[in-house]
Amino acid sequence: MHHPGPPRFVATGDEVELAPRDPDPSATYTWRLTRAPVRSTASLGDDPVEHLVPDAPGRYVVRLSAPDGEYDLTIRAFPGDLQPSGGYTSGVSGGQSGGVSGGQSGPGRSGSGEYTQTGDGPGGDGGGRPRLSLRPEIEGNEAVVRADCNPHPEGSETAADLAVEFLLDDRDNIDEDAVTREGAELRIPLDALPERARIHGVAVGEYGYSVPDAVEFTRTADGVETVASGADVAARRPYVAPAWAEDSVIYEIYVRTFAGDSDESPFDAIVDRLDYLDSLGVDVIWLTPVLQNDHAPHGYNITDFFEIASDLGTREDYERFVEAAHDRGFKVLFDLVCNHSARTHPYFESAVDDPDSEYRDWYAWRTDTEPETYFDWEHIANFDFDHLPVRRHLLDAVAQWAELVDGFRCDMAWAVPNGFWREIHDYCKDRDSEFLLLDETIPYIPDFQAGLFDMHFDSTTYAALRQVGGGADADAVLNAIEGRAEIGFPDHASFMLYAENHDETRYIVDYGREAAEAAAGALFTLPGAPLLYAGQEFGQRGRRDDLAWDHADETLQAFVSDLASVRHDQPALSADADLVRIPYEVRDGSSDRVVAYARATEADAAVVALNFGDEPATVALPAETGETDLVSGESRGAAGDGNTTVTVDSVGVFPAADSDLTQ
């Protein structure tokens with residue numbers, strides 16, 4: 001089916017990429033506008049991939065003519081002054097993110113904590129972007145969609161000031177006349193539902209519109225995790241992360257250095273340490289790219305998207321690792337690179353050597369011989385996604401590797417058209433609703449939550465942890481978490497927390513042992529899935545060096561394992577728990593190096609105290625907080641005055657009653 005996907009919500013001036021899905025490069029595809037606002041002069045050309053720029057508020061309908069029929073796509077354009085801040089346009093990811101000053105990346109730049117996300121959306125001090133989550137329910141003989149709207153946290157609007165706009169998915173044969181809309185609610189009689197019905201919505205205020213959300217009703221629910229069911233109809237939320245994902249501990253392996261100085265093959269070395277990873281509390285294993293490449297050890301410059309790198313082994317070796325990991329209960333993430341190939345890829349070599357090569361159109365060009373790239377990277381060449389063979393090639397690669405693994409970590413997600421990511425999202429979710437899509441986007445982009453990715457690199461909290469390590473007030477980590485809502489992420493958005501990875505310098509090297517322990521405590525207790533970069537747990541100092549297994553700091557190793565155990569065992573630290581600011585007082589120690597907060601569900605609560613300083617701190621916490629540190633199992637009580645007063649070396653997690661946390 002070539003339908004271009006879900007309806008789009010944009011602002012005037014945004015560029016909307018229009019592309020057939022599952023394309024046949026030899027087929028003919030054409031586009032035309034069948035509906036547009038009266039004041040619009042927007043038009044489309046004759047290419048199979050087009051770019052529409054709505055120039056007037058209102059509803060647009062574009063029609064794709066494909067070999068198997070015609071397909072309509074609805075685009076709702078809001079006034080340009082409602083466009084979310086940050087310079088990101090909804091149709092093109094490339095060139096709109098990266099957020100790293102000077103066009104550089106890697107250690108010393110992306111590792112510096114210098115990039116931040118600022119601004120609260122359109123409207124400045126008066127408001128900002130609202131947020132929305134859709135809830136599907138079955139009530140009697142009706143399918144019901146309710147919109148939970150939240151205004152900008154620092155704005156002047158209330159939830160009652162927000163309007164909700166729903167769009168039915170053009171792919172589904174939903175009888176518009178059977179649908180009733182009233183305020184923040186939409187209803188469809190069950191007997192009017194087709195086999196599949198998807199409903200999309202946004203909240204709209206005076207200062208902006210929300211990230212879209214979607215719900216889905218299906219007549220057949222085999223293999224689908226449902227949030228409601230009845231009368232042979234199931235409902236789910238396709239833009240919510242898989243249940244297993246955010247409560248997981250993710251472990252990144254830089255494939256070619258994991259074995260250390262042993263002679264084991266890389267995949268065998270990982271298999272042999274699965275017991276170790278299990279004891280550490282790891283749930284998900286992310287390997288850096290494993291495909292054939294130009295021999296740069298990181299593997300991101302790919303020369304064959306369908307073959308395992310020869311220096312790592314064979315496809316059979318990789319499959320044996322995946323099977324062994326699955327047998328032990330681990331999920332496996334495949335590092336998916338779509339933005340570019342290596343310049344030593346045979347297709348690029350043909351394109352640069354021969355202007356008449358069939359592969360010339362596969363790449364975007366800066367000059368006749370120089371391809372487009374980012375950050376002046378000299379070993380890669382950017383693909384041109386307006387060329388259907390490129391899309392076909394990459395989609396075939398996605399189909400091959402998705403069968404083996406549990407999710408994709410999507411490299412340079414901001415540099416690939418998001419219409420392409422939507423297609424990958426829908427393909428993977430239709431295969432397996434529990435498949436995970438994790439984006440690497442720096443800084444993160446709220447709109448990537450809308451049917452592109454399930455989980456996002458939390459580069460803002462990463463930057464805050466780096467800044468705190470360098471001496472900033474420890475309260476910055478809470479500001480970073482709250483910043484998610486301030487730039488428009490809905491409450492159901494999921495994040496991966498990290499303090500280091502293969503692109504960043506080691507935290508312990510930059511800021512010392514005590515701060516590194518506190519940063520690890522933040523990863524395991526703040527909302528989000530914690531990432532450990534291989535070696536982080538035992539004090540590895542080199543960023544991409546062979547892991548120094550023989551010199552592991554076993555005390556630090558045990559500390560990280562204990563953090564993971566507490567994370568898994570305490571419902572108050574789960575994805576369902578809220579982050580709560582609490583009153584606290586540093587009685588002894590550096591007050592700006594300490595931050596305390598609570599996590600709470602309806603039934604459970606815990607108080608966390610982090611100390612980034614070099615010396616222990618004595619901290620007064622709310623009276624209903626216990627004195628036993630759940631990480632060490634030891635009592636941390638100190639002399640107090642009615643509150644709970646504890647001594648914290650780097651991290652303390654204490655049981656609490658939620659009735660008095662904010663007093």
Side-chain angles (χ1 to χ4, degrees), residues 111 244-255 257-260 269-270 273-288 325 328-333 335 406-407 409 436 438 440 455-459 461-462 465-466 469 477 494-511 513 515-549 551-569 573 575 610 631 650-651 653:
W244 58 265
E246 197 176 44
D247 282 325
S248 296
V249 175
I250 303 172
Y251 192 86
E252 182 197 0
I253 293 177
Y254 192 76
V255 182
T257 61
F258 185 76
I270 300 169
R273 290 199 181 268
L274 291 179
D275 285 344
Y276 164 74
L277 296 180
D278 187 43
S279 70
L280 194 61
V282 170
D283 305 288
V284 180
I285 301 171
W286 154 29
L287 305 188
T288 51
R328 294 299 306 268
F330 294 103
K331 304 288 188 181
V332 176
L333 297 185
D335 208 322
D406 306 285
R409 178 267 188 190
L436 178 68
L438 166 66
E440 182 214 23
M455 183 179 284
H456 318 280
F457 271 48
D458 190 346
S459 53
T461 303
Y462 162 81
L465 286 170
R466 290 278 170 164
V477 297
S494 296
F495 300 86
M496 185 189 75
L497 295 162
Y498 64 103
E500 58 188 57
N501 59 37
H502 69 275
D503 282 329
E504 320 297 350
T505 52
R506 295 286 187 175
Y507 199 96
I508 197 169
V509 171
D510 291 342
Y511 308 114
R513 168 67 175 266
E517 288 188 1
L523 301 182
F524 281 90
T525 60
L526 289 170
L531 170 77
L532 290 172
Y533 176 41
Q536 178 179 350
E537 75 275 14
F538 60 69
Q540 176 81 12
R541 304 184 71 80
R543 182 168 61 97
R544 298 181 179 179
D545 299 350
D546 286 347
L547 292 191
W549 293 105
H551 301 282
D553 183 332
E554 295 181 356
T555 303
L556 182 58
Q557 221 165 21
F559 170 76
V560 172
S561 179
D562 289 341
L563 278 176
S565 294
V566 173
R567 161 83 186 199
H568 286 314
D569 294 344
L573 299 180
L610 305 178
V631 180
S650 57
V651 180
V653 180

Exercise. Would a distance-only check, ignoring hydrogens and angles, find a side-chain to backbone donor-acceptor pair under 3.5 Å from H502 to T288?
Worked result: no
For this session: With rounding to the nearest 0.5 Å, note down the distance linking CD1 in I250 to NZ in K331.
Result: 12.5 Å
Exercise. Distance from D283 atom CG to D247 atom CG, nearest 0.5 Å?
Worked result: 9.0 Å
Exercise. Can you tell me how far CD of E440 sits from CE of M496, rounded to the nearest 0.5 angstrom?
Worked result: 8.5 Å
Problem set entry | Single hit among R543, R466, R541 for salt bridge (charged side-chain N to carboxylate O under 4.0 Å, His left out) with D510 | R466
Exercise. Per the side-chain contact (heavy atoms from CB on, under 4.5 Å) rule, which among V332, I253, D335 passes with W286?
Worked result: D335
Exercise. So how far is it from I508 CD1 to D553 CG, rounded to the nearest 0.5 Å?
Worked result: 7.0 Å
For this session: For the pair Y251 (side chain) and L280 (backbone), establish whether a donor and an acceptor sit closer than 3.5 Å, ignoring hydrogens and angles.
Result: no
Exercise. Do F457 and Y498 have ring centroids that are under 6.0 Å from one another?
Worked result: yes
Exercise. Quick one: does Y533's side chain get under 4.5 Å of E504's, heavy atoms only?
Worked result: no
Problem set entry | Point-to-point distance, once rounded to the nearest 0.5 Å, from CG of L436 to CG of D406 | 9.0 Å
For this session: Might you point out which heavy atoms bring A529 and S248 nearest each other, and give the distance in Å?
Result: CB-O, 3.6 Å
Problem set entry | S561 side-chain N/O to S279 backbone N/O, donor-acceptor pair under 3.5 Å | yes
Problem set entry | Residue pair E500, V509: steps toward the side-chain contact (heavy atoms from CB on, under 4.5 Å) verdict | CA-CA 11 Å; E500 58 188 57; V509 171; over 6 Å; no
Exercise. Taking E517 for the side chain and L610 for the main chain, is one N or O donor matched with an acceptor at less than 3.5 Å?
Worked result: no
Exercise. What distance separates L547 CG from R273 CZ, expressed to the nearest 0.5 Å?
Worked result: 8.5 Å
For this session: Give the C-alpha distance, both sets of side-chain angles, the deciding distance and a yes or no for side-chain contact (heavy atoms from CB on, under 4.5 Å) between F495 and T461.
Result: CA-CA 10 Å; F495 300 86; T461 303; over 6 Å; no
Exercise. Would you find a donor on one side and an acceptor on the other, under 3.5 Å apart, between the side chain of Q540 and the backbone of A548?
Worked result: yes
Exercise. Do L532 and F524 touch side chain to side chain, with heavy atoms closer than 4.5 Å?
Worked result: yes
Exercise. Do the ring centers of F258 and W549 come within less than 6.0 Å of each other?
Worked result: yes
Exercise. Below 4.5 Å, heavy atoms only, C-beta onward: do V631 and L563 meet side chain to side chain?
Worked result: yes
